[in-house]
Structures are given as C-alpha cells and as structure tokens.
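Have a look at the structure below, then the notes.
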Amino acid sequence: MKKIQRLTAGVVMLLASTLAASAAWAQSITIAIGSEPSTLDPQLRDDGGERQVNDNIYETLMARTPTGELVPGLAAQPPKQVDATTWQFKLREGVKFHNGEPFNADAVVASVSRVIDPANNSEQMAYFGTIKTAEKVDDLTVNLVTTGPDPILPSRMYWMKMIAPGYAKDGDLAGAPVGTGPYKFDSWNRGTDLKLVANADYWGGEPQIDDVAYRFVTEPGTRLSGLLSGEFDVITNLLPEFTTNVPKFAAVPGLETSVFVLGTDNEVTKDPKVREALNLAIDRKAMAEGLFMGYATLAKGSHINPAAFGFNEKLEHYPHDIEKARALIKEAGAEGKPLVVVGESGRWLKDREQIEAVAGYWAETGLNVTTDIQEFSQYLDSLMGDGPRPDAIFIANSNELLDADREMSFIYHKDGAAASNSDAEMATMIEAARVETDTAKRKALYDDIQKKGHDLNYTVPLFNLQDIYGMSERMEWQPRVDAKLMVSEMKVTE
C-alpha cells in the first residue's frame, strides 16, 4: 500500500512538473520583425526596429490607449499649462528603473536635456524641436519650457522615453537598455535575436507573458513560413495575399504614409519639371491594386497622414500621365541623366516592391534610374545622416503625434532630419504654425505649407498604409493604431 502511495505521489509530482513547464512555455512568445535595431539607445536614432523593442522597456510621461487616446503615463495626471511657454508635469510616486534608480524629476530633466542637446544630434528632434529646457520643481514635479507657445507639447511627451540618469552616464544604453517598463532587457545575439523578460516589480503590475524573443527576419516569405511552422507567434507586415493562409491575422488603419523624399538641391531633382515628372509617371492605382489588395489607399498629394491634425483635405493625389512626364523630362534636358533611388527591404509593408515599381515607372520617363537597396543602419544614415541628400529615398513615414508638425519638421523643414529642401520660406511657415495657438489659423498655415510642397513636388507621396499582422492560433491581441508592439497587451491561450 505504501509503495502504491509513493508511486501515486510521484505521478502527481511529475504531472505537476509537466503542467508547470507547459505553463511556463505558454507564457513565452516569439515576434518576427523586419529589421534589427541599429541601437537600443531610445533617444538618438529614429529607428523603427529599436522602437519595436524599446517600447516595452522604456516609458514616457504621456501614453496612448490602443485606440489612440492621449493619457498619463509616467505622469500622474495630465499636465497643467502654467503660462504660454511652460507646462508642468506631476510624476507618479514609487516608480523605479530596472537597475533600482528612482524615477523622479531628475530623470525627466536628464532625459529632456539629453535629447535636445545639439551635441547629441538626435534624429528625433522633429518631435521635440520646440522644447527649450526642463526644470525641476521638486522630486515629483517638473516644468517643461518651450521656445514659444506649443499647443501639442503633451503629445510630444508621448514620444520621449525616460532614461535613468546614472545608467545613462555609466551604463550601456545602446547595448543593454534600462527603463521603467513592464519588460527588462535580457540578451541580444547580434544579427539573430533579442530577448526581454517580464519585470516582476513593474509599477503597473507584472505582465502575463513571461518573456518575449524578437527575431530579425527581413524577408516576408521567411516570416510567413516561420509563422506557419509554429516558430513565430506574431509577424509584422504580413503580405496582403497571405491573410487567408495564416492561423490568425489582424489589419488596422495605420499612421504610415509611403513616400519618396526628393533631394531638391541635387543636380537632376533640383529642376521642378523633373520633380513634377516623377510624380506624374507613377500609376498609383495600379500599384495599390496589384501590391496591396485593398490594404492601402492613395495618398492625397501629401506625405501628411490624414489622421493628423492639419492634413490638407483639399489636395488630390497626383494623376498618372506618363506622356506628360516624358515631355517634362525632355523639356528639362534630363534625358539619360542619372537618378539614384535609395531604399531598404523588410522594414515596411511591400517596401522593396514599392521601390522597384516606382523606379521602373521613372525609367520610362527617359531618366537613367538605378536603385540602391541598403542595409537598414546604412539606410538610416542615408536618410538622416550628415551626408548629401539622396536624389530620391523611400520611407514609410509615420505620425504618432497626430499633428502635421511632426511630418513637416521631419521632411519639409530645411533643417529636418530627412529634409527634402533648403526652402527658407517654407521653414519660416512651419515655425510659425508650430507656435500658433489659434486652431483655425494653425490649420490654415498647415494647408498653405502642404499646398506649396505639393505644387513644388518636394516629395512623391504614394499610399496610406494599413498595418497587417499574422498571429499564431494561441495569440490573443488587438493591434494598436500607433503600431506599437506592446507585449503587456498580448495574451496567449492553449
């Protein structure tokens, strides 16, 4: 009898151990993303791969719900406007960074100061160009001071990730990040994968998923096969033609607009006739139907997203007129002249296909067109580095601030990180709109800026894209409007 009892107890223990192991496995997921982060420093680059990871490690003063509503994050409440150029933030009590440092006003001041320091040349300044300084009031109160009135300052602070001052000074932000978020950095196998683990001490409660691995998979077909084989639980940029082949998929209207930014000071593209021809040469309707199968709409003459305040709804998309495009190239004396089209592959939905299709249309005008598909870190340097502007460079430009200032400061302003032009008049218009507090006047300025950019063909806008994700059968997740891969919002079922 005792032998049977011991055997029964052993079976129960084995079963319990098996169930525990199964539960542990069930709380681990793998996400395949299209590009490896060029860094894990959350403040200096404008890198989508970095954000897809760091959005789970770091937090911001303001946050958004999955549907886009602006709400307090590390701030304890919405900010109070003290005067025309000062916003005051009250901070949550008891929040700590993963290394034990307290989150407080000193951390906010250090975070703001680091991003806006010209010596750091942050690629994110299109989000933060109005911020002059941050001032500590007490341990849990900080004032943000702007160069002029800034009606969207709270939205800007949805984007600036808060860093630990001590670790920023002595640690490795680029390779081993430390934040306040629901997940902590675990390991990074360069070129292969990166792992995060749940923060058991997270102020918002320990997340359900214990750990998440990110795999860097450039080719959409490889991401798809990994999902179908059970290797991945979530894949980004699921190809539209395969939505019916995967266990689960979700598509949401996104905040990205695919666009070519033209270097308007370059030898060929400085001619307005050439730039007009580049817009007229493209059959956007055929591209939308052939590539996206209803998961993209034609951009209406601007790279400003329709969801953003300030979008000029009066503009129409550029028509397709290849004969006029050829005539304009001939009038400009540009036949046979070289045009280099820079891009990448894997970061955005159908990015390489869009690049190659447009390059083909442009070649039909009589230009000598070549494409340069670059590794993502090199591509970011081409887009936002100190070198000469490319003739034409592809980007799926996003607008998480939901305000036209973000996209205008980034591309239309002559000092923007991805500036298309050296137009001082346009820069002055953008700066005036940024500090205009009268909503109607601000909208009118934005309309004028977009009309000017449209008429001068500073960019070649293509499509407003939907975000499409593939998921394993066990995943429960509703994607967000801002495309953040927030693991704390995901669940798994078995």
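Scope of the values below: all heavy atoms of this structure, side chains included, with no hydrogens, waters or symmetry mates.
In terms of heavy-atom proximity, Gln124 sits nearest to Leu44 at NE2-N, 3.8 Å. Here the shortest heavy-atom pairing between Lys414 and Ala419 reads O-CB, 3.5 Å. Residues Asn245 and Leu228 share a closest heavy-atom pair of O-CD2, 3.3 Å. Here the closest heavy-atom approach between residue Glu50 and residue Arg45 is recorded as OE1-O, 4.1 Å.
Checking side-chain atoms of Gln52 against main-chain N and O of Gly34 turns up no donor-acceptor pair under 3.5 Å. Between the side chain of Asn305 and the backbone N or O of Ala307 there is at least one donor-acceptor pair closer than 3.5 Å. Under the 3.5 Å distance criterion, the side-chain polar atoms of Glu59 are left unmatched by any main-chain donor or acceptor of Gly73.
More than 12 heavy atoms of other residues, nucleotides or ligands sit less than 6.0 Å from atom NZ of Lys248. Environment of NZ in Lys132: sparse, with no more than 12 heavy atoms of neighbouring residues, nucleotides or ligands closer than 6.0 Å.
Side-chain contact between Ile282 and His320 is absent, with no heavy-atom pair separated by less than 4.5 Å. Taking the side chain as every heavy atom from C-beta outward, Glu335 and Leu367 never approach each other to under 4.5 Å. By the 4.5 Å heavy-atom criterion applied to side chains, Leu383 and Asp381 are not counted as neighbours. Between Thr459 and Val259, some side-chain heavy-atom pair lies under the 4.5 Å cut-off. Looking only at side-chain heavy atoms (C-beta outward), Leu462 and Val358 come within less than 4.5 Å of each other.
Using a 4.0 Å cut-off between charged nitrogen and carboxylate oxygen, Asp405 and Lys443 do not count as a salt-bridge pair. We find that Glu276 and Lys324 are joined by a salt bridge, their nearest charged nitrogen and carboxylate oxygen being less than 4.0 Å apart. Taking the charged nitrogens against the carboxylate oxygens, Lys273 and Asp271 have no contact shorter than 4.0 Å, which rules out a salt bridge. Salt-bridge formation is detected for the pair Arg474/Asp233: a Lys NZ or Arg NE/NH1/NH2 atom is positioned less than 4.0 Å from an Asp or Glu carboxylate oxygen. In summary, Arg389 and Asp265 engage in a salt bridge, as defined by a charged side-chain N under 4.0 Å from a carboxylate O. Remark: Glu323 engages Arg326 in a salt bridge, criterion side-chain N to carboxylate O under 4.0 Å.
For the pair Arg156 and Trp159, the NZ or CZ position fails the cation-pi test of under 6.0 Å to the six-membered ring centre and within 45 degrees of the ring normal. Cation-pi check for Arg442 over Tyr446 is not met; the charged atom does not lie both under 6.0 angstrom from the ring centroid and within 45 degrees of its normal.
Taking the six-membered ring for Trp and thresholds of 30 and 60 degrees, His454 and Tyr318 have nearly parallel ring planes, at less than 30 degrees apart.
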ask   = Could you walk me through whether Trp477 and Val234 pass the side chain to side chain contact (heavy atoms under 4.5 Å, CB included) check?
value = CA-CA 10 Å; Trp477 175 53; Val234 177; 4.0 Å; yes
ask   = Would Ile393 and Tyr379 count as a side chain to side chain contact (heavy atoms under 4.5 Å, CB included) if you check the C-alpha gap in whole Å, the side-chain angles of each, and the deciding distance to 0.1 Å?
value = CA-CA 9 Å; Ile393 185 166; Tyr379 160 82; 3.7 Å; yes
request  = For the pair Arg223 and Asn237, evaluate side chain to side chain contact (heavy atoms under 4.5 Å, CB included) and give the outcome as yes or no after the intermediate values.
outcome  = CA-CA 9 Å; Arg223 292 196 297 272; Asn237 297 333; 3.6 Å; yes
task = Before giving the answer on side chain to side chain donor-acceptor pair (under 3.5 Å), spell out for Asn189 and Arg215 the whole-Å C-alpha distance, their side-chain angles and the decisive distance to 0.1 Å.
result = CA-CA 10 Å; Asn189 298 312; Arg215 291 281 301 277; over 6 Å; no
query = Taking it one step at a time, do Leu465 and Tyr295 satisfy side chain to side chain contact (heavy atoms under 4.5 Å, CB included)?
reply = CA-CA 7 Å; Leu465 305 173; Tyr295 290 99; over 6 Å; no
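Listed by chain and residue number, nothing satisfies the salt bridge (Lys or Arg N to Asp or Glu O under 4.0 Å) test with Glu353 (two or more places apart in sequence, or in another chain). The salt bridge (Lys or Arg N to Asp or Glu O under 4.0 Å) search around Glu356 returns Arg352, not counting sequence neighbours. The ring-ring contact (aromatic ring centres under 6.0 Å, His included) search around Phe311 returns none, not counting sequence neighbours.
In this structure, OG1 on Thr67 lies 8.5 Å from CZ on Arg480, to the nearest 0.5 angstrom.
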